[in-house]
Amino acid sequence: MTKILPANPAGIAESAATLALGGLVAFPTETVYGLGGDALSPAAVARIFAAKGRPAADPLIIHLADQADLPRVTGELSPQAALLARRLWPGPLTLVLPRGPAVPRSVSAGRETVAVRLPAHPVARALIAAAGTPVAAPSANRFGHTSPTSAAHVLADLGGRIDIVLDGGPATIGVESTVLDLSGPVPTLLRPGGVSLEQLRELLGEVALGGRAAGPGGQISPGLLDRHYAPESALHLCLGAPDACRVWLRERAAAQIAAGRRVGLLVPDEDAALLADLDADIEPLGPGDNPPAVAGRLYAALRALDARHPDIILARDLGESGIARAILDRLTRAAAGRVHRC
Ligand code: AMP
Ligand code: MG
């Protein structure tokens, strides 16, 4: 049985005690819900992989409550890492750093590096501090599913497989953290997220694009598999200027409807209004000129649409600046190659 606890002091204390004993607790962060276990316990780490059905080759992110705990998981910070830690932590930025000797190899899938983050969410921070140990926490979903942004999403995927879900309300940013690899000669963005490429370049100068951030031709880094964040229904993504995309969405949706297929539209509010006459299932994502709001709704909308089992889901991109780059990355992965340039 999985217990659902409110994120009050008693709920946090019970969750922390469960983590300290090697149990699994899903908890809210500002990005998405994480599935936490004691990062320094190989048995707890093994339970995380088992509960998610996550391949052992896909490394976990370690979450800390305080920078003072960094020596427990990594060596001395390089000047670049120290600068980012000072300016952007706590927050949605994960740094790939040299792995400290106390960290089990399984956490980082056998690599000499480890991914570390200080979440900004007060419940996450209180929980990790009370547990008294670094907490390994991938997103709290079954492997390959959409990341959870609410306690209900976590239960739908992991109910019965973990000890506790700490319910702290919806996650606000809505997409996973930015992952930046600082282990090589040039800082490399492996996954776009809540901290933007622009912010990183302002602080560091050169930042290379790696992993999926490099685009479809880029080298795949661990865990950044193409079919990830995938809905059950086939998602088709249109890339291009908003007007051209709207024409494509209308034509494509109309043709599918005429062929007797059920169409889901995952589109910004203004498109939802323009396409409202179609006999389609529309999930408005918020104003297209407000990508942070769209990021916040993206996964809940994707899950809601998917639960109604349309034959096809149509979506479009919102550009590449700021958090729109992360939205584009997640939609591209959900589309698993079904990308159309308009
Ligand atoms: P999740 O916690 O589910 O949001 O996914 C964590 C992701 O961070 C992994 O899938 C990897 O892409 C990335 N990551 C974690 N640790 C490392 C590492 N040591 N080196 C490179 N990427 C990593
Ligand atoms: Mg994940």
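Counting convention: from 1, in listed order, for ligands and their atoms alike.
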- Query: Given that the side chain starts at C-beta and the backbone is N, CA, C, O, which of these parts of R191 lies under 4.0 Å from ligand 1, counting heavy atoms, or is it both or neither?
  - Reply: side chain
- Message: Under a 4.0 angstrom heavy-atom cut-off, which atoms of ligand 1 come close to A115?
- Response: 15 (C), 16 (N), 17 (C)
- Once you find the SG atom in C342 and the one in C238, is the distance between them below 2.5 Å? yes
- Side-chain contact test, heavy atoms from C-beta onward, threshold under 4.5 Å: evaluate it for L265 versus E283 and give yes or no. no
- Message: Please determine whether any non-hydrogen atom of R54 lies less than 4.0 Å from an atom of ligand 1.
- Response: yes
- Message: Let me check your reading of the structure: within less than 2.8 Å of the Mg ion (ligand 2), is there an N/O/S atom from S139?
- Response: yes
- Is the closest heavy atom of I61 to ligand 1 under 4.0 Å? yes
- Any idea which atoms of ligand 1 are less than 4.0 Å away from a heavy-atom of L190? 21 (C), 22 (N)
- Query: What is the ring orientation for H340 with W248, classed by angle as parallel under 30°, tilted 30 to 60°, or perpendicular over 60°?
  - Reply: tilted
- Kindly indicate whether the side chain of L182, heavy atoms from C-beta on, has any atom under 4.5 Å from the side chain of L84. yes
- Query: Taking the side chain as C-beta and beyond, is there a heavy-atom pair between D277 and R250 under 4.5 Å?
  - Reply: yes
- Task: Compute the shortest N/O to N/O distance between E176 and ligand 1 and return yes if it is under 3.5 Å, no if not.
- Result: no
- Task: Say whether L158 and I164 are linked into one hydrophobic cluster, either directly or through other cluster members, by side-chain heavy-atom distances under 4.5 angstrom.
- Result: no
- Query: Can you tell which part of E112 has a heavy atom less than 4.0 Å from ligand 1: side chain, backbone, both or neither?
  - Reply: neither
- Message: Suppose we screen for salt bridge (charged side-chain N to carboxylate O under 4.0 Å, His left out). Which residues come up paired with R252, at least two apart in sequence or across chains?
- Response: none
- Task: Have a look at ligand 1 and work out which part of D181, if any, has a heavy atom under 4.0 Å from it: side chain, backbone, both or neither.
- Result: neither
- Query: Would you say ligand 1 has an N or O under 3.5 Å from any N or O of S108?
  - Reply: no
